[in-house]
Amino acid sequence: MKELNRTYDPSRESEIYARWMEKGYFKAKVNPDKTPYTIMIPPPNITDKLHVGHAFNNTIQDILIRTKRMQGYEALWLPGTDHAAISTEVQVVKAIAKEGLTKDDLGRDAFLERVWQWKELYGGTIISQLKLMGFSCDWDRERFTMDEGLSDAVLEVFVRLYEEGKIYRGERLVNWCTKCQTTISDAEVEHEDGEGHLYHFKYPIHGEAGEYITFATTRPETMLGDTAIAVHPEDERYTALIGKNVIIPMVNRQIPIIADSYVDPAYGTGAVKVTPAHDPNDFEIGQRHNLPIINVMNDDGTINNAGTHYKGLTREDARTKIIEEMTAKGLYIKTETITHAKGTHDRCHVVVEPLIKLQWFLKMEELAKPALEAYTSGKLKFNRERFGKVYQHWLTIIRDWCISRQIWWGHRIPAYFCPEGHITVAKTTPEVCSTCGNTNLRQDDDTLDTWFSSALWPFSTLGWPEKTPDLDYFYPTNVLCTAQEIIFNWVVRMMFMGEKYMGEAPFTNVIIHGTIRDDKGRKMAKSLGNGIDPKEVIEKYGADVLRLTLLSGNAIDSDSRFYWERVEFCRNFMNKLWNATRFVLMNLEDYSDDSCNNPLEVEDLWILSRINSLTKEVTEKIDSHELGMSTQKIVDFIWDEFCDWYIEMVKPRLYAKEPERAMERRAAQETLRKVLMSALKLLHPVTPFITEDLFLALQDKEETIMLSSWPTFDKAMDNIEAENCIEHIKSAVRSVRNMRAEKQVAPSHKFEEIIVQPADEYARKLFESRKDLFSALAGAKSIIVKSPSRELSHATFDNSLKQSPKGELVYAGFTAGYLYVPWTVDTANEKVRLTKEKQKLQQELARVDGKLNNQGFMSKAPESLINEEREKQAKFTAMLEKVEAELSAL
RNA sequence: GGGAGCAUAGCUCAGUUGGGAGAGCGCCUGCCUUACAAGCAGGAUGUCAUAGGUUCAAGUCCUGUUGUUCCCACCA
């Protein structure tokens, strides 16, 4: 047996982790004798080190993996990182800017070299952080979305989709960032409300001098590209004008007035300028009416040739100048200040410009079907129904996916152009153009959207497109665990790629968890400086405490706040567990587990029954992914039932060193050890380090708790009778403690003798057999148990105790009866207490009577419930009578 | 504008088939009782946002209202 320090000390965590690694406990291999259980880590972006959100996300996964591993599954948790195309490129661009360099200064190859250096640095940091937190990933299988195997999978999928005709090039209006010079996906556009201006202008109507149509716009610079004015078809103000033309003065172009029901007659003037090249809605109107598309802007946001004399101006300057020109021509009316939503790029916060671009698209209609079907048929489950609805909604409104990006960091699109403009798509650089045989080929400069590679993550990490044994054994995975905002970007895309290339959904369960916020409920953000660094918590308190903090006190699907007070509470709990184990060890010196036939006492049967139901509950809660609840149950059990009650209950037996009581003592030791071991196992997935440490201190047969067997529910251990007995004893103990507190009796004071007047034979036997237990908990030198009496009352009991010293009569519960505690009676206090008690009982009784007198309840409620209420009625009536008798006796 | 949440003790939050309102922190009282003061024992505190409805029975189900958060879309 080992000796433990007096207080919990997390400093040994790294040592324990090193041992696990050395022993290879995290490794998973194809094993036909076991059922696989697989989780793919959501690969963290290599843009930055990990924050507490990652700690939370991965703790959830580690709990599941560790539980399943102990339950005998072949558990694989595959780790890795994501190249995070745009965000990483932005970070590296910022970094080289500090050296006064730009991407173009370095050139593509040298720039990518710098990004790889960044990747080595941050990828390494991330992996070491994950290890610091104790995560049991199979590190031999670590993957990166741009490593050789995964890149091969990406190219394979691109080529196959292209050959199938699902990937096409198209001119489409895309979100364009004029700063980053790239398209960005809808998901990367942030919408923020801001102050803006609504400018009212009028265009002269062609051929009708003095006639105008008035419209409003927030973006006058795009007027250069207007190709129509639209009004609502039923707007009577304008019906006469439909079909006529107006003139755009700056460019002197005639455009038609058209009718489209998109226009809201109530907004602005009811007339809208239509700029298909610079607005998504206008683009759609343009499609419907076959309007020309006039792009007036360069990639950097300046006006192009189409803008005549505005050419070369920035969009901001062009706006000012156009307002001036319109004013000079008497066509400007007024400016309103409004708040409206502006789309900005979530990386650089520059206002997004919709632009017409030639892009690569993936057709979604067919791919989306099986992904949607998986959910509607119930094959794919979310931990909460509402997240499933989000998934479903997105898939029903899905559009084609723009998969090309004008950046360097990422998987370069395997498309090659010949001078004739033919496209050859191939995994390896082709020698000649597949159409015309030209040997002068140039690869597309664009790279793929970062989510293209992560969409393949569940199978590319297992060796796909090769047909590997790993892939066969570990795919599909069991659980995917991520945050809500990732549902569209990632969950959906993994689903359709998995269905398409594996013929099977990549996972059956999705766990969506909430966000960890700061103590004021704000999101943690660099700009606010309110982020919590996991390392800070780990250095001060250890990884176990961090993990427990994130998992306790909250349902995992809702957002939670990070409080240092909670961290301290969790640390305190670790210390409690540490000391409970220390206590057990101190009392096990002479214990050997070859003796299993020692007679168990009722409290042993009670705690065994309790840990047994706890095992059932915790296992069920983990299986249904209610990890906050499962964790809470274990903590409550250990602290309340095991430490505060059971340990106190066994002290008399443990301290009884007489040889004739050796059997009793053995039984207590055996039970203590057994229950503690089970509790440690149940807690291990949440706090792996401390439980390993304590497990090893308690026994030397198994070399790790990680691979020990998960406790199982045993119906034979269920013991309702023992639970009832202990409830009676606890109730009696509480009554005495209550009296002590009210009368301010020092806890160290031992009452001479407490006399128990049980209500029935059952209670008499109970108290008679567990006198030592009761006296220890209640603080008495001796216990006298009287014959049972149904005729309990203060008066009769008092009468029977004439020889006893003056004392206090304490009610101990309906069955347990009365306790006579030697102490001076304080009549006034006692009156107050009893009056309160009486009121309480009267309320309870009124409620029960109300139910039992209710015809509806009696005829419709289940019989068991009615019986329960009847029992309560009898119980409360009897209790009330006693209290009243006591009151009148005073 | 569309969708989804949330509103329970002073604070932070549990409460998943409807059947006597819970925890932690904080607060008050008494204790350094030979595992633990990072502890022990005891205590106070709630018209479960609001108005209706369903039901024998509603924190729990339905509807409206108010406040609040998030996601998606977006107004020329």
Side-chain angles (χ1 to χ4, degrees), chain A residues 4 6-8 186-187 189 191 198-199 215-219 222 229-230 262-264 266-275 279-282 285 338 340-343 384-387 389-390 393-394 397 484-485 487-488 514-515 519 521 523 552-555 557-561 563 565-566 568-587 624 626 628-629 632 635-636 640 643-644 647-648 651 655 733-734 737-742 744-750 779 844 847-848 850-851 854-862 864-865 868-869 872:
Chain A
L4 300 179
R6 204 177 150 82
T7 50
Y8 161 65
D186 289 348
V189 178
H191 297 278
L198 188 60
Y199 305 93
F215 60 92
T217 178
T218 52
R219 306 199 52 204
T222 65
I229 292 284
Y262 164 77
V263 181
D264 177 5
Y267 192 91
T269 64
V272 185
K273 67 191 238 3
V274 183
T275 325
D279 182 276
N281 293 306
D282 292 9
I285 296 175
I338 56 165
H340 69 150
K342 288 178 186 168
R384 288 291 208 237
E385 193 64 30
R386 60 191 154 97
F387 299 129
K389 284 187 201 164
V390 172
H393 180 68
W394 175 260
I397 60 169
Q484 191 180 347
E485 65 266 24
I487 292 177
F488 323 108
T515 308
D519 58 355
K523 268 197 170 175
S552 63
N554 261 95
D557 58 285
S558 61
D559 290 359
S560 63
R561 302 185 189 200
Y563 282 97
E565 289 87 340
R566 180 171 291 283
E568 275 182 26
F569 169 75
C570 291
R571 189 270 315 266
N572 293 353
F573 172 70
M574 293 286 94
N575 190 55
K576 186 75 184 175
L577 177 63
W578 184 267
N579 273 290
T581 308
R582 199 161 72 93
F583 171 83
V584 172
L585 283 173
M586 286 165 72
N587 288 283
S624 59
E626 293 170 80
M629 190 50 94
Q632 198 58 50
V635 170
D636 288 348
D640 182 48
C643 291
D644 288 348
I647 284 184
E648 294 306 316
K651 276 179 180 172
Y655 296 156
V733 170
R734 281 201 193 99
R737 286 177 179 169
N738 200 301
M739 193 218 91
R740 268 180 194 280
E742 278 176 17
Q744 305 219 331
V745 182
S748 53
H749 175 85
K750 295 248 184 264
E844 294 288 354
R847 197 187 53 77
V848 173
K851 275 194 174 178
N854 182 328
Q855 284 302 320
F857 178 79
M858 294 305 283
S859 59
K860 294 193 177 175
S864 61
L865 197 66
E868 252 178 62
E869 293 298 324
K872 283 180 200 167

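Protein chains get the first letters and strands the later ones, always in sequence-line order, with residue 1 at the start of each. The analysis underlying the following values was restricted to heavy atoms, covering all of them including side chains, and did not include hydrogens, waters or symmetry mates. Here the structure is a predicted model, which means the values were calculated and not measured.
- Residue-level contact check: A:E648 touches the bases, meaning some heavy atom is under 4.0 Å from a base atom.
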For nucleotides 38-42 of chain B, give me every protein contact, N/O to N/O, under 3.5 Å, one pair per line with atom names.
from   : atom 1 : to     : atom 2 : distance (Å)
B:rA38 : O4'    : A:N572 : OD1    : 3.0
B:rA38 : O2'    : A:N575 : ND2    : 3.0
B:rA38 : N3     : A:R571 : NE     : 3.0
B:rG39 : OP1    : A:N572 : ND2    : 3.1
B:rG39 : O3'    : A:K576 : NZ     : 3.0
B:rC40 : OP1    : A:K576 : NZ     : 2.8
B:rC40 : OP1    : A:W639 : NE1    : 2.6
B:rC40 : OP1    : A:D644 : OD1    : 3.2

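- With hydrogens and angles ignored, the 3.5 Å screen pairs no side-chain donor or acceptor of A:R219 with any backbone N or O of A:D279.
- Heavy atoms of A:F387 sit nowhere under 4.0 angstrom from any nucleic acid atom.
- Pairing analysis of RNA chain B (Watson-Crick: purine N1 to pyrimidine N3 plus N6-O4 or O6-N4; G-U wobble: N1-O2 and O6-N3; both under 3.5 Å) yields stems of 3 or more pairs at B:1-7 with B:66-72, B:10-13 with B:22-25, B:27-31 with B:39-43, B:49-53 with B:61-65.
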Expected rows: protein N/O vs nucleotides 15-17 of chain B N/O, under 3.5 Å:
from   : atom 1 : to     : atom 2 : distance (Å)
B:rU16 : N3     : A:R384 : NH1    : 3.3
B:rU16 : N3     : A:E626 : OE1    : 3.0
B:rU16 : O4     : A:R384 : NH1    : 3.3
B:rU16 : O4     : A:E626 : OE1    : 2.4

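- Judged by distance alone, with hydrogens and angles left aside, A:E844 brings a side-chain donor or acceptor within reach of the base of B:rG20, the pair sitting under 3.5 Å.
- Listed for the A:R566 side chain is no donor-acceptor partner under 3.5 Å among the backbone atoms of A:R561.
- Residue A:W394 has its side chain nearest to B:rC72 when only B:rG20, B:rC72, B:rU12 are considered.
- For A:D636, the side chain to side chain donor-acceptor pair (under 3.5 Å) partners are A:Q632, not counting sequence neighbours.
- The shortest distance between the side-chain N/O atoms of A:S552 and the OP1/OP2 oxygens of B:rC13 is not below 4.0 Å.
- Although no hydrogens or angles enter the test, the distance criterion places no donor-acceptor pair under 3.5 Å between the side chain of A:N738 and the main chain of A:R734.
- Under a 3.5 Å cut-off, the side chain of A:N575 and the backbone N or O of A:R571 do not form any donor-acceptor pair.
- Of the possible donor and acceptor atoms, none in the side chain of A:D519 sits under 3.5 Å from a partner among the backbone N and O of A:Y563.
- Partners of A:F857 according to the ring-ring contact (aromatic ring centres under 6.0 Å, His included) rule, which considers only residues two or more places apart in sequence or in another chain, do not exist here.
- Looking at residues two or more places apart in sequence or on another chain, you find no ring-ring contact (aromatic ring centres under 6.0 Å, His included) involving A:F387.
- Annotation: the span from A:N572 atom CG to A:W578 atom CH2 amounts to 15.5 Å, rounded to 0.5 Å.
- A:D557 has a carboxylate O that lies under 4.0 Å from a charged side-chain N of A:R386, or vice versa, which qualifies the two as a salt bridge.
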